[in-house]
Amino acid sequence: MEYRVVPFTAILNPKLITADNVADQLAQIIVNYGSQGWDYVRLESVSTYISPNSGCFGLGARPGYMSAYQMVVFSRKSL
C-alpha cells in the first residue's frame with residue numbers, strides 16, 4: 001500500500017467565510033487526487049512546536065509556540 005499526505009489550508013475571502021467554502025476546497029483536493037488513483041483516507045491534524053527565535057541581539061525575538069497543520073491522507077495499492 002502506498003500513502004500520500006498533502007497539507008490542507010483553506011483559503012477564504014473574509015466576506016465569504018462559511019463551512020461550505022472550506023468543505024468545497026477539501027472536496028476539490030479529494031476529487032483531484034481521486035482522479036489520479038488515490039483514495040481519500042482521512043483528515044489529520046499534526047501539531048508541532050515552532051522553536052523560539054532569539055533575534056539579533058534580542059531584537060525581533062519571538063517565543064516558541066505550538067502550531068497545528070491539517071493533512072489530507074490518501075492511499076492506493078502499490079503499482
Side-chain angles (χ1 to χ4, degrees):
M1 192 67 103
E2 291 180 83
Y3 291 91
R4 174 166 282 182
V5 179
V6 296
F8 172 68
T9 302
I11 299 173
L12 300 172
N13 177 333
K15 295 178 182 176
L16 302 173
I17 297 175
T18 68
D20 287 339
N21 289 337
V22 175
D24 288 344
Q25 289 180 42
L26 180 56
Q28 288 174 8
I29 290 174
I30 293 170
V31 168
N32 179 39
Y33 280 90
S35 70
Q36 299 173 42
W38 293 96
D39 296 318
Y40 172 76
V41 176
R42 69 179 156 265
L43 184 66
E44 287 285 335
S45 180
V46 178
S47 296
T48 187
Y49 179 72
I50 308 297
S51 297
N53 181 337
S54 59
C56 183
F57 299 109
L59 298 174
R62 288 177 287 159
Y65 58 95
M66 292 298 294
S67 185
Y69 297 93
Q70 300 301 312
M71 301 290 173
V72 187
V73 181
F74 296 94
S75 69
R76 70 178 177 191
K77 293 187 179 182
S78 297
L79 299 175

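Residues take their numbers from the sequence shown, with the count starting at 1.
A distance of 7.5 Å separates CE of M1 from CG of D39, quoted to the nearest 0.5 Å. To the nearest 0.5 Å, the span separating OG on S75 from OH on Y33 amounts to 14.0 Å.
Take T18 and apply the side-chain hydrogen bond (donor to acceptor under 3.5 Å, both in side chains) test, not counting sequence neighbours, and it matches N21.
Across all non-hydrogen atoms, the minimal contact from W38 to E2 is CZ3-O, 3.8 Å. Q36 and R76 make their closest contact through O-NH1, 3.4 Å (heavy atoms, listed as atom of the first residue, atom of the second, distance). Shortest non-hydrogen contact noted between S45 and A68 is OG-CB, 4.0 Å. A pairwise comparison of heavy atoms in A10 and Q25 identifies CA-OE1, 3.3 Å as the closest pair.
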Is there a side chain to side chain contact (heavy atoms under 4.5 Å, CB included) between M71 and V6 once you walk through the steps?
-> CA-CA 5 Å; M71 301 290 173; V6 296; over 6 Å; no
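Counting only residues at least two apart or on different chains, no ring pair (Phe, Tyr, Trp, His ring centres under 6.0 Å) pair has a member in residues 42-69.
Between R42 and E44, at least one side-chain N (NZ, or NE/NH1/NH2) sits under 4.0 Å from a carboxylate O, which counts as a salt bridge.
The shortest side-chain heavy-atom distance between F8 and L26 falls under the 4.5 Å cut-off.
Q70 contributes no side-chain N or O that, together with a main-chain N or O of P7, makes up a donor-acceptor pair within less than 3.5 Å.
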